[in-house]
Amino acid sequence: MSTLTERTEVASGYRAGRTLPVRVELLRQLKRRRTLVMFGILAVLPFVLVAAFAIGGEPDGRGDRITLMDTATASGANFAAVNLFVSAGFLLVIPVALFCGDTVASEAGWSSLRYLLAAPVPRVRLLWSKLVVGLGLSLAAMVLLPVVALAVGTAAYGWGPLQIPTGGSLGTGTAAQRLLIVVVYVFVSQLVTAGLAFWLSTRTDAPLGAVGGAVGLTIVGNVLDAVTALGDWRHFLPAHWQFAWADAVQPRPEWSGMIQGAAVSVTYALVLFALAFRGFTRRDIVS
């Protein structure tokens, strides 16, 4: 009498945790044209603003009110802060939506997703690698802009303290630390867009749908925040806190707004990331 034993055959040397390493996915994404184009656009923006100030003249205050934009040419630090100010509301939304929304949907659109899973790459491992790379490229984009702006602004307007519109200034060392805090906060505030884009990327085979949907929903959030009739309900909108980082570039920084904004953004993002992982692990992959 023989006994039939059910066994699961595993290839020699196969380790699920070693499939699709983050470095491999990072190299794949860095070589894509859309990554290079996006980084190129962000790197060119400071030069465009310098040219605009050179053609139109230096900004000046409107009456007795002086804004951050009016101090753009005061120093390289001011110029970097202005670049973040004009970009945080919309321009920086695009690379986040692109890097996080195109990542899974593009594989499905190329009909290569099922082959990755058949390699076999575990679904959770695949999503984790793509999410880490998407967030990493998004952070790199947000760091690239102020770094280039600081270099360009210093060459054009000189190295000096950060002039505060309300009066006073921050020394170069303190200004660099505050700008770093601003970049980190802007990244955290954009996690909602990243979550939306990533979740949509696991639900559709059309990369443009995932990217456009995330950008569109972010714009809807900005519109709703402008509806003052919503009252305190706007405090639950991530868009309501997107410029709370301005409190960091003050002689005495105020952290409460940024703490609330970060809490709202992280909460939404964690829910969206969880939905993405839950839905993708149960989805039939046919693309």
Side-chain angles (χ1 to χ4, degrees), residues 30 34-96 98-99 135-190 242-255 257-258 261-262:
L30 285 175
R34 52 89 159 157
T35 304
L36 301 177
V37 170
M38 193 70 254
F39 282 155
I41 291 174
L42 292 174
V44 166
L45 178 63
F47 294 94
V48 173
L49 289 181
V50 167
F53 290 141
I55 295 172
E58 296 185 0
D60 52 7
R62 297 167 182 81
D64 295 331
R65 183 183 179 187
I66 299 178
T67 64
L68 184 62
M69 180 64 74
D70 298 323
T71 66
T73 59
S75 68
N78 278 87
F79 186 72
V82 167
N83 274 263
L84 285 170
F85 176 75
V86 300
S87 305
F90 181 72
L91 181 59
L92 290 179
V93 171
I94 298 177
V96 174
L98 180 64
F99 294 141
L135 292 177
L137 290 175
S138 300
L139 179 58
M142 295 181 187
V143 172
L144 175 66
L145 177 61
V147 167
V148 174
L150 184 61
V152 173
T154 299
Y157 310 118
W159 178 260
L162 176 65
Q163 302 295 329
I164 300 174
T166 55
S169 63
L170 298 176
T172 53
T174 302
Q177 294 174 4
R178 299 289 180 84
L179 288 176
L180 179 60
I181 292 173
V182 170
V183 171
V184 172
Y185 179 78
V186 171
F187 173 73
V188 172
S189 68
Q190 295 294 344
Q242 64 180 335
F243 290 109
W245 59 264
D247 294 335
V249 287
Q250 300 294 333
R252 291 186 176 181
E254 174 59 48
W255 306 110
M258 287 187 288

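Interatomic distance, L150 CG to L145 CG, rounded to the nearest 0.5 Å: 11.0 Å. One finds the CD1 atom of I41 at 11.5 Å from the CG atom of L36 (value rounded to the nearest 0.5 Å).
Note: F53 and F79 have perpendicular aromatic rings, judged against thresholds of 30 and 60 degrees for the angle between ring planes.
Heavy atoms only, all atoms of each residue included: N83 and V86 are closest at O-CG2, 3.3 Å. Summarising the geometry of Q242 relative to A88, their closest heavy-atom pair is OE1-O, 4.3 Å, with the distance given to 0.1 Å. Heavy-atom minimum distance, P46 versus V148: CG-CG1, 3.9 Å. Scanning all heavy atoms of the two residues, the minimum distance from M142 to V183 falls at O-CG1, 4.0 Å. Summarising the geometry of P146 relative to A80, their closest heavy-atom pair is O-CB, 3.9 Å, with the distance given to 0.1 Å. Listed here is the closest heavy atom pair of A141 and F99: CB-CE1, 4.3 Å.
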Assess the residue pair R178 and L162 against the criterion (side-chain contact (heavy atoms from CB on, under 4.5 Å)); give the C-alpha distance rounded to whole Å, side-chain angles, the decisive distance to 0.1 Å, and a yes or no. CA-CA 10 Å; R178 299 289 180 84; L162 176 65; 5.5 Å; no

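Taking 4.5 Å as the limit, some side-chain heavy atom of L170 sits within range of a side-chain heavy atom of I164. Inter-residue side-chain proximity for W245 and V184 is flagged as unmet; no heavy-atom pair is nearer than 4.5 Å.
In the displayed structure, F85 atom CZ is contacted under 6.0 Å by at most 12 heavy atoms of other residues, nucleotides or ligands.
For the pairing with L45, the side chain to side chain contact (heavy atoms under 4.5 Å, CB included) check across V152, L144, L91 returns one residue only, L91.
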